[in-house]
Every structure is written in structure tokens, then in C-alpha cells.
Amino acid sequence: MTRTLQGRLFGRIDGDIAGILLLAALLVIVLPLGLDIFRLNMVGKYLTYAFVALGLVLCWGSAGILSLGQGIFFGIGGYCMAMFLKLEASSPEATKIQSTPGIPDFMDWNQLKALPWFWEPFHSLTFATVAVVAVPALLAFIVGLAMFKRRVGGVYFAIITQAFAAILTILIVGQQGYTGGINGITDLRTLKGWDIRTDEAKLVLYFVNAALLIGCILLCLYVRRSKLGRILVALRDKEDRVRFSGYDVANFKIFVFCFAAALSAVGGAMFTLQVGFMSPSFVGIVPSIEMVIYCAVGGRLSLLGAVYGTLLVNWAKTMLSESFPELWLFAMGALFIGVVMVFPNGLAGLYQQFIAPRLGRLLLRTGTRAGAPIIPPHTAAD
Amino acid sequence: MANSTDYLLAVEGLTVSFDGFKAVNDLSFYVDSNEIHVIIGPNGAGKTTVLDLICGRTKASGGSIKFRNKELTAMKEHQIVKAGVGRKFQNPSIYDDLTVFENLEISYPRGRSVFGALAFKRDAAVRERVAEIAEMIFLADHLDQRAEYLSHGQKQWLEIGMLLIQDPELLMLDEPVAGMSVNERKKTAELLNKIIQNRSVLVIEHDMKFVEDIAHRVTVLHQGKILSEGSMERVKNDPKVVEVYLGH
């Protein structure tokens with residue numbers, strides 16, 4: 001019995017790791033060879049959303065907590081990085097034509113005379129890097145504590161996260177002098193003296209981003225494989241049973257919500273670095289819902305599915321917007337309805353249902369040792 | 001009034017009202033160590049509510065519940081579980097998407113904090129204990145199966161197993177044989193007789209033959225109050241009980 005169990009376990013490890021290796025090969029070999037730097041940078045931008053989708057796979061897919069406000073964390077992560085870059089771009093020499101040199105240009109336009117206190121620590125890259133993860137995680141912790149300890153869940157939680165996304169957008173737009181307002185923080189130039197606008201820098205950043213993404217996938221895999229991962233699935237199923245098995249359910253929900261927030265924030269910071277600005281248009285309700293759609297199309301139960309879903313939807317969005325800009329919103333609506341009604345487990349579900357069994361048979365026939373199908377029959381929890 | 005220190009569980013003056021309706025009204029009863037205490041009564045008598053109150057799912061409006069002299073009404077659900085009270089729900093409450101092994105493993109009382117769960121290792125002790133319990137609940141051959149595909153009776157056993165692995169001092173079962181086939185019922189009685197060693201059990205059941213088989217002491221509830229209490233023999237012959245419950 002234990003042997004079959006172990007066999008199954010190793011079979012699964014093989015399957016997941018093989019899938020990750022395949023994705024890694026696509027990201028670091030196939031795409032860089034096949035695309036010019038403009039398109040590659042675009043893929044890099046799409047991949048920053050995949051961090052959000054990964055977080056949603058754990059938070060929504062595993063634990064059943066639908067957050068419609070992941071843009072908040074993506075945005076805060078991005079803003080933390082942008083604040084550092086903006087300060088570096090606003091040296092007294094570079095801004096000597098301003099009435100107050102040494103502060104970001106938008107502050108000068110808004111008649112600010114000094115750098116606000118909360119901007120000060122962002123002179124340090126170390127601080128900014130820590131803040132990228134810590135600030136969103138802390139915010140998620142506070143929101144999670146307030147909601148989950150009071151047993152707010154389901155649709156109510158989703159609506160409240162949406163409200164937070166709206167609040168943050170309004171706050172950023174309204175506090176123009178501190179945040180750059182509707183335009184966001186723009187004209188970012190260098191990272192510790194290294195120009196991030198060159199093609200070469202974009203290539204390097206693409207690889208850094210891809211490596212971080214693979215690292216985050218492995219981290220998510222570890223969490224899902226741990227008992228905590230199984231507890232998340234269990235509480236999605238039967239929350240009361242978990243509670244009456246001696247677990248403080250709220251703590252587990254807070255953890256997964258913070259974890260998803262931190263992942264989103266890493267994506268946001270990489271977005272800022274690769275695209276060169278951050279604005280409230282990535283924080284609000286619409287982008288947050290779009291991020292949920294990426295995850296849903298890929299398959300909310302599958303880490304890799306979420307990455308492919310993000311790439312596919314964004315690619316489609318770019319293609320459609322380039323030719324028929326007005327059509328995209330309708331296409332997105334149709335996509336959401338289609339995913340919910342026709343294939344609720346997304347691309348990954350279709351793959352599991354139709355392709356994986358055939359692939360397994362094919363491998364068995366070609367003499368691969370039994371027990372080592374690359375893609376074993378997964379349970380819905382995978 | 002009896003000194004509560006003598007009892008494992010002492011419920012005194014317990015009252016709960018939902019919008020003025022008193023589902024449980026000034027209820028007092030005691031459970032001894034190693035006693036099988038059965039609560040019977042017509043539908044709506046407040047039986048399940050009593051279990052809900054003890055395990056912390058419902059907050060009491062008044063009265064006290066003392067378990068080994070610890071006041072349960074002030075504790076959170078997971079703390080009550082840790083104190084040694086296990087609860088089985090009426091409908092089989094198991095994790096459909098996980099295997100039988102994983103269902104039992106989650107109930108294993110270790111690594112119950114967030115980081116404890118992250119660091120939890122499936123070591124030999126866990127595997128042995130799961131195998132031992134699976135054997136006891138007749139599911140040793142189903143460990144790798146998804147719980148969703150078990151029969152109704154097997155699901156009930158699995159949930160009992162999930163409680164057993166926690167080794168609670170007080171086990172509360174809400175209609176453990178409801179909806180079971182004759183054969184499953186027999187096996188369940190056998191299972192219950194096996195697991196009641198060294199622990200107290202509080203059972204809600206309608207099946208009178210089953211109650212007669214296992215009960216040391218019976219409490220009859222009616223409209224949130226105790227109608228009769230004592231041995232099965234005594235309760236069965238109580239004219240009040242015959243009128244409201246056993247009569248029809």
C-alpha cells in the first residue's frame with residue numbers, strides 16, 4: 001500500500017516538474033529565440049500578470065477564496081518599485097529646472113516643496129525591495145484579519161475586495177501630489193545607474209522575470225504539496241469539518257490571502273521595471289477582474305494552466321486590440337461566460353480531460369516504463 | 001446540585017434562544033467518564049442544538065458547559081477540539097476532493113498551526129496511525145481512493161475515523177447510523193462498541209434498537225427541555241415519553 005502511494009507521489013512529482021521544465025524551456029529558450037525584443041518585452045509584461053494568476057490559483061482555486069482586488073497588491077508592488085526608480089531619476093542635477101529641485105517632477109507640478117515623509121525610505125533599494133513584498137502582505141494581513149476572523153467569505157468577501165480596489169484607485173488619483181495621480185509614476189530611467197530603457201536591459205529583465213516566475217511556481221508547488229495545501233482544499237470543501245478538527249480556519253485563509261498578495265506584488269514590481277511606469281489603471285476593479293479571467297481561462301486549479309492562460313488571453317488581447325480595438329471588451333465578456341459555463345476548469349481542465357489520457361497511452365505504447373506516465377491522472381485538487 | 005468536578009461533562013442551566021424562541025431551555029445533564037450517553041427525542045426537540053452548543057458552533061445565551069472543569073462556552077471551536085471534544089456531523093462531513101488517506105491525515109492531531117502545517121512531514125508515525133484507523137473503519141483497501149467515490153456508509157465511517165485519529169475524550173455523534181443499510185448498521189454498531197473503550201460518547205440517535213444496544217444512560221429531550229432521564233428500561237416505560245415520542 002505504501003509502495004503504491006510512494007509510486008503515485010513520485011509519479012506526480014515527475015509530472016509537475018516535467019511541466020515546469022517545459023515551461024522554463026519555452027520561456028528562456030524558445031521565446032527569446034523566436035521573438036524580437038519588442039515582442040519579447042511584451043511577453044515579459046504579460047508574464048508579470050502570471051504572478052497574480054499563480055496567487056489566485058492558491059487563493060481561489062485551492063482555498064475557494066475569490067478576490068476581485070488582486071490589482072491592489074499588483075499595484076502596490078509596482079508603486080513601491082516605481083517610487084525607488086523615480087527618486088533615482090529625480091536627482092537635484094536632473095531636476096534643476098524645477099522650482100524645488102530633487103523631488104519628483106509631479107510633486108513640483110503640484111506645488112509640493114519637500115519630499116513627503118513616506119517617500120524618504122524609498123531612496124534605499126533594499127528598503128524598496130522589502131517593501132514590494134512586505135507592504136502588500138501587511139495590507140492583505142489587515143484585510144484578511146478583519147474579514148476572515150469575522151467569518152466573512154464567499155461573495156461578500158469578493159465584493160469587499162472590489163471595494164478596496166476602487167478605494168485605492170480613488171486615493172491614488174485624488175492624491176496627485178503624492179502619487180502622480182491618474183498618470184501614475186512615469187519617466188523612470190535607471191536602477192542603481194543601470195539604464196532600464198535599453199534593449200539590452202529589457203532582455204536581462206525578461207530573464208530575471210522568467211526566473212522569478214519559475215521560482216514562484218516552485219514555491220507554490222511546495223505550498224500545495226504540504227499539508228497546508230491539502231487543508232486549503234479541505235476548507236474549500238467543508239470549512240466546518242476543518243474547524244472541528246482543531247484548526248483555526250481564519251489563520252489559514254489569512255495566510256493564503258497574504259501569500260497571493262505577495263506574489264502579485266512581485267509581478268507588479270517586475271511590471272514597473274520592464275514597462276517603465278506604474279499607474280492606477282493597473283490597480284482598479286477592471287484590471288483586477290481581468291486578472292481573475294487569466295486565471296480562470298488557464299484553469300484555476302492548475303499553476304501551469306494559469307501561466308498559459310495569462311499568456312494566451314494577453315496575446316489575444318494585443319492581437320484584437322491592434323486590429324479591432326472596440327471588440328476586446330466584448331471578447332473578454334464572452335470569454336468569461338464561456339469559461340464559467342463550458343469549461344470551468346479552464347485550459348488545464350481540457351488538457352486533463354482530452355490530451356493527458358492520450359499522451360499517457362502513447363507513452364506507454366512506445367515502451368516507457370509503466371508507472372511513469374509523464375502526466376498521471378490528476379485529481380481535481382491538482 | 002451535584003458537584004461538577006465528578007463528571008467529565010457537566011451541562012447546567014443551558015439556554016439558547018433564536019429570536020426569542022428557546023431551542024434549548026434551562027437544560028442540565030451530566031456525562032461520566034466511559035459512559036455512553038444517548039439523547040433521543042422528537043424532531044425539533046433541540047438535540048442537534050445541544051451538540052452545537054457543546055462544540056462551540058452555536059453560542060449559548062445562558063448557562064454553563066464544563067468539560068473537565070473547563071468552561072467551554074468561552075472557548076473557540078478549535079480550542080474545544082484541542083481540549084478533547086470531537087464532533088461528528090449528521091450528514092457525512094468529509095473532504096470529497098481528497099483521498100481517504102489525506103482525509104485521515106488532516107485530522108491527525110499534529111501541525112495544526114499555519115506554519116506547523118507547512119512543515120508537516122508524513123512520517124512513519126502518521127502512516128502507521130492512519131493505517132491502524134483505516135483498518136478499524138473498514139477502509140484499509142480504499143486509502144488511495146478519492147473520498148467522493150465512497151458509499152454513504154463508508155463516508156460515515158470515514159468521518160468517525162477522522163474523529164478517532166484525534167483520540168478525543170468525549171466523542172459526540174449525530175445520528176451515526178441514519179441512512180445506512182442493515183449490513184452497514186451492524187458493522188457500525190460493532191465499530192462503536194470497539195471505539196467506546198476508554199472514552200465517553202454522547203450520541204443522538206433515532207434507531208431505538210441501536211440505542212438499546214449501546215446506551216448506558218438516556219436523556220429524552222422535548223421542546224428544549226428534559227422530559228425523562230435514566231436507563232433505557234426506565235425511559236421506555238415512562239408514560240410521558242411514550243406519549244410524545246415512542247407512541248408514534
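Naming convention: chains lettered A, B, ... in sequence-line order (proteins, then strands); numbering from 1 in each chain. Note that this is a predicted model, so its numbers are computed, not measured.
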Given A/Ser245, which partner from the list B/Arg87, B/Arg112, B/His78, B/Gln166 fulfils the side chain to side chain contact (heavy atoms under 4.5 Å, CB included) test?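 Passing option: B/Gln166.
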
Within 6.0 Å of [atom1] in [X], more than 12 heavy atoms from elsewhere:
X: B/Phe138; atom1: CZ; answer: yes
X: B/Glu135; atom1: CD; answer: no
X: B/Arg68; atom1: CZ; answer: no
X: B/Lys194; atom1: NZ; answer: yes
X: A/Tyr156; atom1: OH; answer: no

May I ask you to name which of B/Asp96, B/Val81, B/Ile80 has the most heavy-atom pairs under 4.5 Å with chain A?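 Max contact count across the listed options: B/Val81.
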
Option in B/Ile165, B/Val114, B/Leu163 with maximal non-hydrogen atom pairs under 4.5 Å from chain A: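 It is B/Val114.
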
Search all heavy atoms of B/Leu118 against all heavy atoms of A/Phe255 and return the closest pair with its distance.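 Distance-wise, the nearest heavy atoms are CD1-CZ, 3.9 Å.
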
Point-to-point distance, once rounded to the nearest 0.5 Å, from [atom1] of [X] to [atom2] of [Y]:
X: B/Asn103; Y: A/Lys238; atom1: CG; atom2: NZ; answer: 9.5 Å
X: A/Asp237; Y: B/Ile94; atom1: CG; atom2: CD1; answer: 8.5 Å
X: A/Asn251; Y: B/Ser113; atom1: CG; atom2: OG; answer: 8.5 Å
X: A/Phe244; Y: B/Phe89; atom1: CZ; atom2: CZ; answer: 5.0 Å

Answer yes or no: is there an ion pair linking [X] with [Y], defined by an N-O contact shorter than 4.0 Å?
X: A/Arg236; Y: B/Asp97; result: yes
X: A/Arg230; Y: B/Glu105; result: yes
X: A/Arg151; Y: B/Glu77; result: yes
X: A/Arg241; Y: B/Glu159; result: yes

Relative to chain A, which segment of B/Phe115 carries a heavy atom at a distance below 4.5 Å: side chain, backbone, both, or neither?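 For B/Phe115, side-chain heavy atoms alone lie under 4.5 Å from chain A.
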
Part of A/Val249 lying under 4.5 Å from any heavy atom of chain B: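 A/Val249 has no heavy atom closer than 4.5 Å to chain B.
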
Is a donor on one side and an acceptor on the other found under 3.5 Å between the side chain of A/Lys227 and the backbone of B/Gly111?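 Pair found, side chain donor or acceptor close to backbone of B/Gly111.
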
Using a cut-off of under 4.5 Å for heavy-atom pairs, which of A/Val242, A/Leu235, A/Ile254, A/Val223 has the most such pairs with chain B?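 Between A/Val242, A/Leu235, A/Ile254, A/Val223, the count favours A/Val242.
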
Under the criterion side chain to side chain contact (heavy atoms under 4.5 Å, CB included), I'd like the reasoning laid out for B/Ile106 against A/Ile231: C-alpha separation, chi angles, the key distance, then a yes or no. CA-CA 7 Å; B/Ile106 285 186; A/Ile231 290 170; 4.1 Å; yes

Could you name the residues of residues 51-63 of chain B that have a heavy atom within less than 4.5 Å of a heavy atom in chain A?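 Against chain A, the residues of residues 51-63 of chain B that fall inside the cut-off (heavy atoms, under 4.5 Å) are B/Cys55, B/Arg57.
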
